[in-house]
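Below you'll find the structure, written out as structure tokens, and then a few comments.
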Amino acid sequence: MQDFTFHNPVKILFGKGQISSLAQEIPANARVLMTYGGGSIQRNGVYEQVVDALGDRSVIEFGGIDPNPKLEMLIEAIEIARANEVDFLLAVGGGSVIDATKFIAAAVHFEGDPWDILAKRAPICSVLPLGTVITLPATGSEMNRFFVITKEVTQEKIACGNEQVFPQFSVLDPETTFSLPARHISNGIVDAFTHTVEQYLTYPVNSPLQDRMAESILQTLIEEGPKTLAHPTDYDARANVMWCAAMALNGLIGAGVPQDWATHAIGHELTALYQLDHAQTLAVVLPRLLQVKQDSKYAKLLQYAERVWGLSAGDEKSRIMEAIELTTQFFESVGVQTRLSHYGVDSNAGQIIAKKLEKQGATNLGEHQDISPSDVEKILVMSA
Ligand code: NZQ
Ligand code: ZN
């Protein structure tokens, strides 16, 4: 096992009716900026529950945050937070709202261009405290230190991690997700699955506990994902998927093991250029990436084939190919297509993205830093 530091300070308030617990988590005299997206929380009753829980605290609202949150819009939120001397941020929504709120928290006291926090990894000194009410199980943003922001003018989508933006608490009430359209539940299953794979399907470092935790998340998603799609208000199935999504990217399964993240890096480019949903990009990239990198991932792919898909007979190469095929079929069975052509992306996307990554200096992706722009092109051509 590799050396590691593990730190996760996020308090999780899980279950029905937990939104009311906000009252105990946010100081009574806080000046709160409440952030949300395009209106789902007003339609499903979450907004009312949050407003009730906040009671007579001073609250300013900033709504309308789009999926794949944009810098251009968040600048306005930063100015509102500054002008009103906000001292607590409450994000209510999916990963986009939470990521946007982490960025606002980091930017309010930042001197200079806030984009530098992402593009130049500029150090941030004082970050506003934040809490979240997550309404879409997918990203794990509710329990991690990552945020992903897009600069629309330059078509850049950049991920960043900072210990200071961990939420202080997150409310996970599975009932808030009952109103989700199937597309976003499907996306969430694929996103959590891919987060797990990015930290698991690399090379062995003798980490049986992390491996088995990762395999448990994958198997639970394979079992519970279809159930929650078929029965959207089955509380238990939704609760299980919600906890999988949080566990997949809260640092635990990635502690002490090599990590890949090339699928995500390529995926962010696909979203920035062609506006695919985040999970759609992962479903397109991951199976072909596993195929291209099968030699360097050989031992873990065999383990994945056996322990996740029950493939232990036949020659090793065909087991690996079968496991990759079953992964593709799983993504499609939960409603996320795995071919670029399905999303109307033309066949030169591979070349365009390879060039863009080269220009950014992102020429060495993956756990061995051996995924070059030409590999990326190959992967995307195979995914056409
Ligand atoms: O905007 P509203 O009206 O709220 O509608 C949203 C949005 O249209 C809707 N929605 C959310 N909860 C709902 C609901 N509709 C009905 N009922 C509910 N309960 O769902 C739509 C998509 O929401 P979004 O937040 O964009 O989805 P997701 O949670 O998948 O977040 C995607 C973003 O997170 C980033 C992605 O790159 C993308 O920008 N990621 C963040 C990560 C992190 N912070 O750790 C890691 C991930 O790999 C990912 O990169
Ligand atoms: Zn993701």
Side-chain angles (χ1 to χ4, degrees), residues 8 10 12 14 67 93-99 132 134-148 159 167 170 172-174 176-177 180-202 210-229 232 234 236-255 257 259-261 263-264 267-268 271 276-287 289-290 304 307-309 326-336 338:
N8 192 312
V10 185
I12 297 295
F14 195 104
S96 293
V97 171
I98 299 177
D99 284 8
T132 89
I134 177 89
T135 63
L136 195 174
T139 60
S141 188
E142 66 276 18
M143 205 177 171
N144 71 35
R145 61 191 170 85
F146 303 114
F147 51 106
V148 190
S170 284
L172 281 67
D173 177 349
T176 65
T177 72
L180 275 162
R183 166 175 161 190
H184 296 302
I185 286 294
S186 305
N187 282 347
I189 295 164
V190 170
D191 197 17
F193 194 97
T194 308
H195 292 161
T196 310
V197 167
E198 297 263 33
Q199 301 163 87
Y200 165 73
L201 262 180
T202 57
Q210 292 91 324
D211 284 4
R212 289 200 172 91
M213 288 192 295
E215 289 153 0
S216 304
I217 295 172
L218 298 174
Q219 285 172 317
T220 307
L221 288 167
I222 292 166
E223 277 172 22
E224 302 289 311
K227 269 194 228 167
T228 204
L229 279 165
D234 172 342
D236 291 330
R238 197 53 62 92
N240 287 325
V241 169
M242 198 169 206
W243 191 226
C244 279
M247 290 299 287
L249 195 50
N250 67 1
L252 201 55
I253 63 168
V257 297
Q259 302 189 17
D260 182 337
W261 295 111
T263 295
H264 271 70
H268 290 333
T271 299
L276 270 68
D277 291 351
H278 173 60
Q280 294 172 343
T281 72
L282 308 176
V284 164
V285 176
L286 181 69
L289 183 139
L290 294 178
Y304 171 68
R307 294 201 193 163
V308 177
W309 296 110
L326 288 170
T327 309
T328 309
Q329 284 175 17
F330 174 64
F331 289 168
E332 296 193 351
S333 74
V334 296
V336 186
T338 59

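Put simply, the side chain of S186 never gets that close to the backbone of G335: no donor and acceptor are under 3.5 Å apart. Without hydrogens or angle criteria, N8 side chain to M143 main chain gives a donor-acceptor distance under 3.5 Å. Put simply, the side chain of Q199 never gets that close to the backbone of V257: no donor and acceptor are under 3.5 Å apart.
Taking the charged nitrogens against the carboxylate oxygens, R307 and D211 have no contact shorter than 4.0 Å, which rules out a salt bridge.
Annotation for T139 and G95: closest pair OG1-CA, 3.6 Å, computed over non-hydrogen atoms. Residues V148 and A159 approach most closely at CG2-CB, 4.0 Å, considering heavy atoms. Minimum interatomic distance between M242 and I134 (heavy atoms only, all atoms of both residues): CE-O, 3.6 Å. Considering all non-hydrogen atoms of both residues, A182 and L229 come closest at O-CD2, 3.9 Å. Nearest heavy atoms, D236 versus E224: O-OE1, 4.3 Å. Nearest heavy atoms, D191 versus A279: N-CB, 4.2 Å.
Looking at heavy atoms from C-beta onward, S96 lies out of side-chain contact with L136 at the 4.5 angstrom threshold. Taking the side chain as every heavy atom from C-beta outward, V10 and I12 approach each other to under 4.5 Å. You'll find the side chain of V241 stays beyond 4.5 Å of the side chain of I185, heavy atoms only. The closest side-chain heavy-atom distance from V334 to V190 is below 4.5 Å.
Note that OG1 of T228 and CZ of R238 are 3.5 Å apart. Values are rounded to the nearest 0.5 Å. Of the inter-residue distances, the one linking S216 atom OG with L221 atom CG reads 10.5 Å to the nearest 0.5 angstrom. Interatomic distance, CG of L286 versus OG1 of T338, reported as 10.5 Å (0.5 Å rounding). Distance CZ/R145 to CZ/F147: 10.5 Å, rounded to 0.5 Å. Atom CG of residue L201 and atom CG of residue D260 lie 8.5 Å apart, to the nearest 0.5 angstrom. Distance check: T327 OG1 to Y304 OH gives 2.5 Å after rounding to the nearest 0.5 Å.
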Query raised in the report: Can you list the steps and then say if F193 with L282 is a side-chain contact (heavy atoms from CB on, under 4.5 Å)?
Result: CA-CA 10 Å; F193 194 97; L282 308 176; over 6 Å; no
Query raised in the report: Can T177 and H184 be said to form a side-chain contact (heavy atoms from CB on, under 4.5 Å), step by step?
Result: CA-CA 10 Å; T177 72; H184 296 302; over 6 Å; no
Requested in this report: Run the numbers on L172 and W243 for side-chain contact (heavy atoms from CB on, under 4.5 Å), then give the verdict.
Outcome: CA-CA 8 Å; L172 281 67; W243 191 226; 4.2 Å; yes
**Report entry** Worked check of side-chain contact (heavy atoms from CB on, under 4.5 Å) between W261 and H195
**Finding:** CA-CA 8 Å; W261 295 111; H195 292 161; 3.9 Å; yes
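Residue T194 is tested with T263, T281, I189, V285 for a side chain to side chain contact (heavy atoms under 4.5 Å, CB included); the sole match is T263.
Between the side chains of S141 and D99, at least one donor-acceptor pair of N or O atoms lies under 3.5 Å. Under 3.5 Å, the side chains of D277 and N187 contain a donor-acceptor pair of N or O atoms.
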